[in-house]
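To start, the structure itself, in structure tokens.
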There are 2 protein chains.
Amino acid sequence: MNQSRDIVSKLSERGYRLTPQRMMILSAIKNSNDHTSAEEIYTQVAAKYPHINISTVYRTLELLKKLGLVTETNLGEGRVRYHPADKGHHHHLVCQECGTIIDLDESVLSSLKSALLQEYKFSADLRHLAIFGRCVKCSK
Amino acid sequence: MNQSRDIVSKLSERGYRLTPQRMMILSAIKNSNDHTSAEEIYTQVAAKYPHINISTVYRTLELLKKLGLVTETNLGEGRVRYHPADKGHHHHLVCQECGTIIDLDESVLSSLKSALLQEYKFSADLRHLAIFGRCVKCSK
DNA sequence: AAACTAGTTGCAAAGAGTTGCACAAACCAT
DNA sequence: ATGGTTTGTGCAACTCTTTGCAACTAGTTT
């Protein structure tokens with residue numbers, strides 16, 4: 001894949017620079033499992049380049065989010081998780097009682113998305129949502 | 001209204017104590033506009049009782065949330081906002097470009113709620129959602 | 001190749017929210 | 001009223017994330 005090529009060109013097209021830090025962070029995201037956290041990325045990069053600063057990781061994630069290359073989601077653990085956008089969109093049902101997480105296909109929210117577009121002319125970003133509530137076992 | 005009466009009884013019914021701090025926080029929530037923040041509540045209570053601690057405010061809000069008396073929502077300002085549940089449920093469309101917020105009636109998400117219930121047996125808590133995206137002017 | 005300039009980084013400090021713990025006090029029973 | 005138990009509070013420390021600022025550097029221009 002030349003996924004990294006794509007990212008590189010997306011960056012330079014828009015006037016963003018390709019710094020060593022960014023390249024290391026990008027490869028850390030690719031190497032990691034889905035739903036990485038900023039801390040995990042930082043640890044991985046710091047193993048090879050201890051001088052890196054966590055705020056650079058946060059700023060890079062912010063940038064990638066803006067470019068639509070990663071999606072972020074808050075599963076209620078007190079930290080945000082990131083997911084490469086090109087690995088497919090999906091959602092999560094999070095049980096606030098027992099913590100169970102049910103994965104949801106993107107399509108479940110597509111009718112909501114089109115309803116918001118038609119009725120409110122609002123283009124909703126529904127790429128990686130966490131919906132809280134109670135699962136079967138706990139809703140009683 | 002005897003809304004506070006209701007809250008008081010809801011608390012004692014379940015074995016929670018009615019402390020001065022909690023009563024002050026409750027009245028601060030009532031006096032404030034909708035969508036208050038923890039900080040605003042804290043400031044309001046501290047005006048009369050400077051000894052109060054912000055963590056008490058957070059813990060009280062957490063409790064009220066659990067009892068279903070307030071709903072919380074993150075409008076993307078870097079702080080969470082709280083809304084008395086009995087003042088009606090609604091949602092927000094937040095434009096990430098210009099910051100415009102469109103208010104949404106609760107009903108818009110009711111079909112999603114029932115779909116999740118039927119297909120996943122998941123009882124989603126969709127009482128005060130913020131959906132991010134782009135408004136008409138900015139989606140181009 | 002040297003200079004330039006705007007985007008980037010590291011650092012330190014701040015902000016929002018959470019947590020552990022010892023002390024305080026609300027509520028119940030006597 | 002008094003005492004006991006259990007919940008609640010204040011405090012301080014901590015986690016996660018953001019931000020201001022000065023120094024730095026990637027990519028462009030000369």
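We name chains A, B, ... by the order of the sequence lines, and we start the count at 1 in each one.
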Student check: side-chain heavy atoms of H91(A) and L109(A) closer than 4.5 Å: yes

Earlier contact from the 5' end, DNA chain C, for S12(B) and N53(B): N53(B)

Presence of T56(B) side-chain N/O under 4.0 Å of dG10(D) phosphate oxygens OP1/OP2: yes

Do H128(A) and H90(A) have ring centroids that are under 6.0 Å from one another? yes

Taking any heavy-atom pair under 4.0 Å as a contact, classify I52(B): base, sugar-phosphate, or nothing. sugar-phosphate

If you find the nucleotide of DNA chain C closest to L63(A) and the one closest to Y82(B), which residue's nucleotide is nearer the 5' end? L63(A)

Below 4.0 Å: OP1/OP2 of dT25(D) and any side-chain N or O of Y16(A): no

Nearest-angstrom distance from the residue atom CD1 of I25(A) to P of dT8(C): 12 Å

Identify which nucleotide among dG8(D), dG17(C), dA26(C) has an atom closest to any side-chain atom of R22(B), counting heavy atoms from C-beta outward. dG8(D)

What is the distance, rounded to the nearest whole Å, between atom CE of M24(A) and atom C1' of dT8(C)? 13 Å

Donor-acceptor under 3.5 Å (S110(B) side chain, E106(B) main chain): no

R14(A) CZ to dT8(C) P: how many Å, rounded? 13 Å

Hey, is the side chain of R59(B) poking within less than 4.0 Å of OP1 or OP2 on dG8(D), counting only N and O atoms? no

For atom CG of L75(B) and atom P of dA16(C), their distance in whole Å: 15 Å

CD1 of I54(A) versus C1' of dC14(D): gap in Å, rounded? 15 Å

Could E62(B) and R59(B) be called an ion pair, given the rule that one side-chain N must be under 4.0 Å from one carboxylate O? no

Would you say Q21(B) reaches dA26(C)'s phosphate, i.e. side-chain N/O to OP1/OP2 under 4.0 Å? no

Supply the atom-to-atom distance Y16(B) OH to K10(B) NZ, rounded to the nearest 0.5 angstrom. 11.5 Å

Spacing of Y42(A) atom OH relative to dT9(C) atom C1', expressed in whole Å: 13 Å

Base, sugar-phosphate or nothing for Y49(B)? Non-hydrogen atoms, less than 4.0 Å. sugar-phosphate

For K66(A) and dT8(C), give me the distance from atom NZ to atom C1', rounded to whole Å. 13 Å

From CD of E13(B) over to P of dC27(C), roughly how many Å is that when rounded to an integer? 14 Å

Map A38(A) and S55(B) onto DNA chain D by nearest heavy atom, then report which one ends up closer to the 5' terminus. S55(B)

OP1 or OP2 of dC11(C) versus the side-chain N and O atoms of Y58(A): is any pair under 4.0 Å? no

Under 6.0 Å between the ring centres of H92(A) and H83(A)? no

With distance as the sole criterion, do the side chain of R17(A) and the base of dT25(D) form a donor-acceptor contact below 3.5 Å? yes

OP1, OP2 of dC16(D) versus side-chain N and O of S37(A): anything below 4.0 Å? no

